[in-house]
Amino acid sequence: MRMVDIISKKRDGEELSTEEINFFVEGYTKGTIPDYQASSLAMAIYFRDMNDRERSDLTMAMVNSGETIDLSAIEGIKVDKHSTGGVGDTTTLVLAPLVAALGVPVAKMSGRGLGHTGGTIDKLESIKGFHVEITKDQFIQLVNRDKVAVIGQTGNLTPADKKLYALRDVTGTVNSIPLIASSIMSKKIAAGADAIVLDVKTGAGAFMKTDKDAENLAHAMVKIGNSVGRNTMAIISDMSQPLGFAIGNALEVKEAIDTLKGEGPEDLTELVLTLGSQMVVLAKKANTLEEARKKLIEVIKNGKALDKFKLFLKNQGGDSSVVDNPEKLPQAKYKIDVPAKESGFVSNIVADEIGIAAMLLGAGRATKEDTIDLAVGLMLHKKVGDKVEKGEALLTIYSNCEDVENVKAKIYENISIASHAEKPILIHKVITE
Ligand code: URA
Ligand code: CA
């Protein structure tokens with residue numbers, strides 16, 4: 001088999017065989033196929049697309065390019081949740097203990113990564129003592145005993161994806177549905193999930209800016225998952241404005257605690273209940289979505305979800321007293337209100353730009369070497385559709401530096417006030433096949 005023939009075939013719009021896809025992924029991982037041929041194939045896929053069979057084959061070839069996590073020692077159906085990423089997305093912190101309180105095993109592997117705020121692990125590290133350096137055996141024991149644990153990224157998972165994603169990044173081939181879908185799904189499958197719930201975001205703060213693109217990606221991922229024996233479903237959710245009120249690491253931990261108490265923002269709570277119901281049904285801990293939702297609301301009301309969060313923190317060295325004393329979380333030196341310049345209704349909060357404002361304060365990483373300031377960020381007081389009076393605070397800046405003029409300017413540029421505005425719809429669609 002020759003790589004040049006595979007490239008030519010795809011260039012001419014033909015279907016690649018399983019053997020050809022495996023040949024490419026294995027060769028590229030080993031280094032016997034050079035970057036220039038891989039980038040040429042990626043560009044051919046970009047223009048010619050792949051059918052469902054090719055997409056599943058590409059996904060499984062990437063899964064098999066490295067180690068995979070075996071979670072079979074954990075009892076029950078392991079359901080993983082994946083979000084395509086947004087601004088102030090606190091859902092994992094809430095969902096993990098919440099569904100675990102209903103007996104759904106949550107064996108979460110998480111990374112740090114780049115972005116407006118840190119990843120799930122960074123956020124959790126704003127709790128004194130909390131750590132994810134546990135052995136794989138401890139991880140499995142904790143999930144079996146208490147249904148929830150988080151471990152840092154271990155092993156050499158999907159090296160083919162790592163290499164190909166980096167190549168796509170510099171060859172104009174990131175934005176291809178078959179390549180994105182196989183990239184994301186390969187990582188979830190390699191991490192050992194039996195079933196997968198996808199939260200595909202749409203809008204300014206999302207990877208997919210339009211509903212149509214988000215739906216195409218969701219359908220592609222759901223098809224891949226189901227075709228390789230992992231029960232998969234997706235929801236399309238709004239990311240035109242940030243989710244919840246908090247954007248920042250410790251601030252989001254506080255927001256997660258509030259939500260587990262039933263006192264969280266309306267949109268975050270609704271998203272958590274929607275995703276959580278799907279997870280509970282996939283894990284067979286409820287027969288219908290309505291039953292699942294009822295049970296989730298029950299464990300929020302009776303405090304079991306919050307107790308599960310405390311136990312989870314304690315199990316991994318964290319000071320669980322922060323749950324009752326959130327002032328123990330890292331605190332910013334300055335709290336600066338940003339007042340509305342006119343009266344009316346908030347009509348737009350541009351999610352990605354507001355995320356960048358949080359990053360300017362130090363809440364996230366632009367490069368892998370950056371350090372994160374866990375205390376800083378933004379707390380929105382108004383969301384799209386809310387009434388506001390001139391002089392009333394739109395949000396509060398939490399900063400460790402007194403001069404925040406650049407952040408303020410960015411905020412004013414990206415929050416609009418009009419004479420009329422409606423609340424955006426949060427859940428755009430549910431996709432099951
Ligand atoms: N996220 C991924 O993990 N892979 C892609 O290709 C795009 C976004
Ligand atoms: Ca939030």
Side-chain angles (χ1 to χ4, degrees), residues 83-91 115-117 199-215 235-248 251-252 255 258-259 263-274 335-361 363-364 376-399 404-430:
S83 154
T84 57
V87 180
D89 187 357
T90 320
T91 51
H116 304 119
T117 61
D199 180 13
V200 180
K201 309 281 195 187
T202 172
F207 190 61
M208 293 288 157
K209 307 285 181 204
T210 68
D211 270 32
K212 189 168 156 281
D213 286 346
E215 270 180 47
I235 70 154
I236 312 279
S237 74
D238 181 68
M239 193 32 87
S240 57
Q241 65 174 336
L243 185 68
F245 300 123
I247 307 154
L251 294 172
E252 287 186 41
E255 180 164 83
D258 291 343
T259 307
E263 296 162 4
E266 192 186 322
D267 58 352
L268 175 61
T269 302
E270 178 53 33
L271 184 61
V272 158
L273 290 174
T274 303
K335 292 179 189 153
I336 304 151
D337 283 346
V338 178
K341 288 180 176 171
E342 57 193 313
S343 297
F345 291 85
V346 176
S347 57
N348 200 7
I349 305 178
V350 185
D352 48 349
E353 295 295 332
I354 295 299
I356 292 169
M359 202 154 139
L360 289 174
L361 293 164
V376 305
L378 306 170
M379 273 302 283
L380 302 175
H381 303 306
K382 301 287 173 184
K383 301 273 306 231
V384 171
D386 287 348
K387 194 166 187 287
V388 61
E389 299 294 333
K390 183 178 174 181
E392 205 183 346
L394 289 167
L395 57 80
T396 302
I397 298 172
Y398 287 68
S399 175
V404 292
E405 285 315 306
N406 59 338
V407 176
K408 257 191 183 165
K410 193 156 205 58
I411 287 165
Y412 277 125
E413 267 166 41
N414 290 290
I415 298 186
S416 320
I417 295 171
S419 58
H420 173 83
E422 274 170 32
K423 257 191 201 326
I425 291 168
L426 178 68
I427 312 290
H428 293 206
K429 221 163 197 165
V430 177

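Quick caveat: nothing in here was measured; it's all calculated off a predicted structure.
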Review point. If only atom types and distance count, is the side chain of Glu252 paired as donor or acceptor with the main-chain N or O of Gly248 below 3.5 Å?
Key: yes
Exercise for review: Measure the shortest side-chain to side-chain distance between Asp352 and Lys209 over non-hydrogen atoms and say whether it is less than 4.5 angstrom.
Suggested key: yes
Review point. Is it true that a side-chain atom of Thr90 and a backbone atom of Gly88 form a donor plus acceptor pair closer than 3.5 Å?
Key: yes
Revision key, fill the gap. CD1 of Ile236 to CG of Leu426, rounded to nearest 0.5 Å, is 12.0 Å
Practice item. Spell out, as yes or no, whether a donor-acceptor pair under 3.5 Å connects the side chain of Ser343 to the backbone of Lys390. Key: yes
Check your understanding: With sequence neighbours excluded, what pairs up with Lys423 under the side chain to side chain contact (heavy atoms under 4.5 Å, CB included) test?
Key -> Glu266, Asp386
Check your understanding: Listed by chain and number, what are the salt bridge (Lys or Arg N to Asp or Glu O under 4.0 Å) partners of Asp213, not counting sequence neighbours?
Key -> none
Check your understanding: Does Val384 offer a backbone N or O that forms a donor-acceptor pair with the side chain of Gln241 under 3.5 Å?
Key -> yes
Point to revise | Heavy-atom closest pair, residues Leu251 and Ile247 | key: CD1-O, 4.1 Å
Review point. In Å and rounded to the nearest 0.5 Å, what is the CG to CZ distance from Leu268 to Phe245?
Key: 9.5 Å
**Study point:** Donor-acceptor under 3.5 Å (Asp337 side chain, Pro339 main chain)
**Key:** no
**Study point:** Minimum-distance pair of heavy atoms, taken over all atoms of Glu422 and His420
**Key:** OE2-NE2, 3.6 Å
Exercise for review: To the nearest 0.5 Å, tell me how far Lys341 NZ sits from Leu394 CG.
Suggested key: 10.0 Å
Point to revise | Which residues share a side chain to side chain contact (heavy atoms under 4.5 Å, CB included) with Asn406, sequence neighbours left out | key: Leu360
Check your understanding: Heavy-atom count around Lys410 NZ within 6.0 Å, excluding the residue itself: above 12?
Key -> yes
Practice item. Enter the distance from Ile427:CD1 to Ile235:CD1 here, rounded to the nearest 0.5 Å. Key: 4.0 Å
**Study point:** Close side-chain approach of Ile415 to Ile354, heavy-atom, < 4.5 Å
**Key:** yes
Point to revise | Side-chain touch His116/Ile356, heavy atoms, less than 4.5 angstrom | key: yes
Exercise for review: Look at the side chain of Thr84 and the backbone N and O of Lys201, then say whether any donor-acceptor pair between them is shorter than 3.5 Å.
Suggested key: yes
**Study point:** Pairwise side-chain contact, Leu361 with Ile397, heavy-atom cut-off 4.5 Å (strictly under)
**Key:** yes
Review point. Do the side chain of Lys382 and the main chain of Ala393 share a donor and acceptor less than 3.5 angstrom apart?
Key: no
Exercise for review: Would you check if the side chain of Asp267 reaches a backbone N or O of Gly244 as a donor-acceptor pair within less than 3.5 Å?
Suggested key: yes
